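Before any comments, here is the structure.
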There are 2 protein chains.
Amino acid sequence: MNLKSLAQHLGISASTVSRVMAGRGDEFRIAKETQKHILDEAATMGVRPDELARSLRLQSTRTLGLVIPDISNPFFAALARAVERRARALGYTVLLADSQESSEVEAECIRMLLDRRIDGLILAPVGGDSAHLRPLIDSRLPLTQVDRVFAALKTAAVVADNFAGAREAVRRLVKLGHKRIACLQGREDSSVIAERVRGYRAGLSEAGLRFEKKFLAGGEHSIAIAREHTLKLLETRSRPTAILALSNQLALGALEAVRERGLVIPDDLSLIAFDEQPWASLLSPPLTTLAQPVEDMGTVAVDRLCAQIKPGAKASRKALTKLPVRLIERASIGPRKKD
Amino acid sequence: MNLKSLAQHLGISASTVSRVMAGRGDEFRIAKETQKHILDEAATMGVRPDELARSLRLQSTRTLGLVIPDISNPFFAALARAVERRARALGYTVLLADSQESSEVEAECIRMLLDRRIDGLILAPVGGDSAHLRPLIDSRLPLTQVDRVFAALKTAAVVADNFAGAREAVRRLVKLGHKRIACLQGREDSSVIAERVRGYRAGLSEAGLRFEKKFLAGGEHSIAIAREHTLKLLETRSRPTAILALSNQLALGALEAVRERGLVIPDDLSLIAFDEQPWASLLSPPLTTLAQPVEDMGTVAVDRLCAQIKPGAKASRKALTKLPVRLIERASIGPRKKD
DNA sequence: GTGAAAGCGCTAACAT
DNA sequence: ATGTTAGCGCTTTCAC
C-alpha cells in the first residue's frame, strides 16, 4: 500500500495525498475536508510514505551514521545510546556500525554508510593510520569525530579532556606520596591514549619525577594483554606503588594481575582507572575512577554534526570541543607505604 | 557521480554499466574489455551505485532491523555485536534501534524500520503488552524474536534456556544445604524473568522446599531498585541464606545492599547471578554466574531470520530455539552456615 | 484547491 | 554483446 494506490482509492491525485501526508496541507490550502479524508483513510489502511522513495527524491535521508570500534565496550555502548537519543530528538535515525577495532572494517562501514546516503557521520576512528578516510573527507560529507580523533583531519571533533584527567590522577597519587607511578596504556596510536600518556607524563614532570620507560606498559585494548603487562610490571625489582590504567578494560586486566600476585590494594598498590562503571564501587576496595562525560560527548557530537548539515552551515566548523573528566575518589588509592 | 553519468562519460548505456557494476558482466556476456573499462573508470572516479535507488528498484534493502531495549546493558550490547557480525557475513547491514525499555518507543522504532523497508526484523521486545506489535505481525515482515519473547505471537524465536538455568542454580544451592533461597527478579511481565522464576520455583519444589512469596523480590531492571529490594530482603527476621539474582544489573544492586549491610559473602549469604561479565571474577569473592550463550543467540537469530527471507521460505518457521545456559561456579556460594 | 508530468538513480524485460 | 524503455514510490514545478 502506497500513496498512489491510496490516491486512486480516494479518487484524487497522488500529489494532493503527498502534500497532506507531509503535513503541508494547509500550506497548499487543501480543503480541510479533503485533508481529513486522506489522513483518516491512510490511518485505517496503515499507509505510510516509503522512506526509500522519499529519500531518493529528496536526496536526503534524515539518517546519521555512527561508527564505533566496539559496541561491547561499555563506554561506546553508552556513547551510542546518547547519540541515538539526541538524534531521535532532532528527527534523525542512526545507522550504527561496529568497526571491530579494525581499520579495514571501518573503511567498509563507511563505504556502506556512504552508499546509503547518510546525511552526516559521527566517527570514533580505530586509530593508527587515517589513509582510508581520504574518500570520506573528499566526499565532503558532514563529519564529526568523537573520542579518538585524527587532529590532522581538521573536522569537527568532540573529546574528553584526557590530558587533564590523567594529569589530575597523577597529581592525586603524588600528593599521597607515590613516586613510582606506572601507566597501563592501550594502543599507542590512538589519540585518546596519546593524550592520556601526555597527561601522565605532565603530572610526573610537575612533581619533579622522572618518566621511566619501564613504567609505561601495555599497548593493546584487551583484558588479557593488560593482565600480562601488569604481571610484568609487578615483577620488576622496584615495582610501582601506584598504577594508572587508561581504560576500564585495562583496569580489569590489572585487577586480575594484582589478584594473582596476591597483592592488596591500596596497601601494596594504589590503582586509578579511566571510565566510571557500575561495578567500580563494588570492588574490594572500591575503585577510584576518572569519569568521562560520555552522555555529553554523544549529545554534543550530534549537535555539532547537525550544525554542519543545516543548509546555511559554514564549511568551517572545525573546532575541537573538549569536555571535562571527573575524578571519583574511592578506597583503591592510599598513602604510599614505606617499601 | 552516478552510473548514468559514468555511462555517458564512457559512451555506453546505463544498463551495461549497471550489469557490470553488479558483478554480472559475465552472465550477460559483456566483453571483457568493456568490463575492464567500466570497472577502472568507476574506481578512479569513485562511482558506486546508489543503494537507495537500488533498493527502491529491487524492493529489497539487504538490511535487517534489530530492536533491543537498552544498548547500555552489556548483555544486549554483546547481542547486538553478534547480530551485526553475522549479518555482515551474510551481506546484510543492520539498523539498530534502542527502545529504551519503553513499548511506545519500541513501536516508534518498528515504524521507522518498516518505513525504511528492512528485509527482516530481530526484536527483543520490552515485554508487558504486545498490542503495539499487531501492525508488525500484519505486515508479514520476516520476524524473529530474541531473548524476551511473546510466545503468543507465533514467530520464530531464540531464547536462552532460562528455566533450566535458574533451576540448576537452585539445585546447586540446595546441594550446599540452603533452605531459604531468595530470588531477585526484574520486570515480571518479561518472558525471560517469568521463565527464570518458573525455574527457581521448580528448583525449590524438587527439593521439597516451599515457595515463599516474601523471598521473591524486585520487579524492575534497575540497580537502584534491586538494591532497595535486597535491603528489605535482608531485613526480614529469618532472612535468606542465598540469593539468585536474575540479571547482572540486579546482581549489582544486590551487591550494593550486601555491602551496606556489612554482610560477608558467602559466609552470611551465597549469591548466584545471571549473565557472565568480565568483572564477575574480580569481585571479592568472585561471583558465581549463569552464562548465557549470547554470541550464539545473536548468530542463530540472524540465521533463523534469513531462513524466512529466502525466496523459497516456508511461511511456517515458528519454532522456538532454546540455547543452554552454563553455570560458572565461583567462591560467592558456599555451604549454609548454622543460623 | 487540485492535477499532470517529470525525474530522483537504478535494474529488468524486451529489443536487436 | 549491448541498448531502449519502463517503472520502483515519491515530491515538485507548472498548469488550470
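Below, chains carry the letters A, B, ... as their sequence lines are ordered, and counting in each starts from 1. This one's a predicted model, so the numbers in the text were calculated from it and none came from an experiment.
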> Within the structure shown, what part of the strands sits under 4.0 Å from B:Arg117 by heavy-atom distance: base, sugar-phosphate, or nothing?
Replying inline: nothing
> Does B:Thr16 make a side-chain N or O approach to OP1 or OP2 of D:dT2 shorter than 4.0 Å?
Replying inline: no
>> What is the separation between atom CG on B:Leu58 and atom C1' on C:dA13, rounded to the nearest whole Å?
In response: 14 Å
> Counting any heavy atom closer than 4.0 Å, what does B:Leu52 reach on the DNA or RNA strands: base, sugar-phosphate only, or nothing?
Replying inline: nothing
> What integer distance in Å separates B:Gln59:CD from C:dG9:C1'?
Replying inline: 14 Å
> Among the nucleotides C:dC8, C:dG1, C:dT11, which one has an atom lying closest to any side-chain atom of A:Arg57?
Replying inline: C:dC8
>> Output the rounded distance in Å from CG (B:Asp50) to P (C:dG7).
In response: 18 Å
> What is the distance, rounded to the nearest whole Å, between atom CG of A:Leu56 and atom P of D:dT12?
Replying inline: 13 Å
> Base, sugar-phosphate alone, or nothing: which one does B:Thr34 contact when heavy atoms must sit under 4.0 Å apart?
Replying inline: sugar-phosphate
> Could a donor-acceptor pair under 3.5 angstrom be found where the side chain of B:Arg19 meets the base of D:dG3?
Replying inline: yes
> Regarding B:Ser60 and B:Arg54, is there a side-chain donor-to-acceptor distance under 3.5 Å anywhere?
Replying inline: no
> So, is A:Arg29 near the phosphate of C:dT2, with a side-chain N or O under 4.0 Å from OP1 or OP2?
Replying inline: no
>> Quiz question: by atom type and distance under 3.5 Å, do the side chains of B:Ser13 and B:Thr16 form a donor-acceptor pair?
In response: yes
> Taking atom types as modelled, is there a side-chain donor on B:Ser5 or B:Asn2 under 3.5 Å from an acceptor on the other?
Replying inline: yes
> Is there a side-chain contact between A:Gln100 and A:Glu106 (heavy atoms, below 4.5 Å)?
Replying inline: no
> Does a side-chain N or O from A:Ser15 land closer than 4.0 Å to OP1 or OP2 of C:dT2, or not?
Replying inline: no
> Whole Å only: how far is the CE atom of A:Met21 from the P atom of D:dG9?
Replying inline: 15 Å
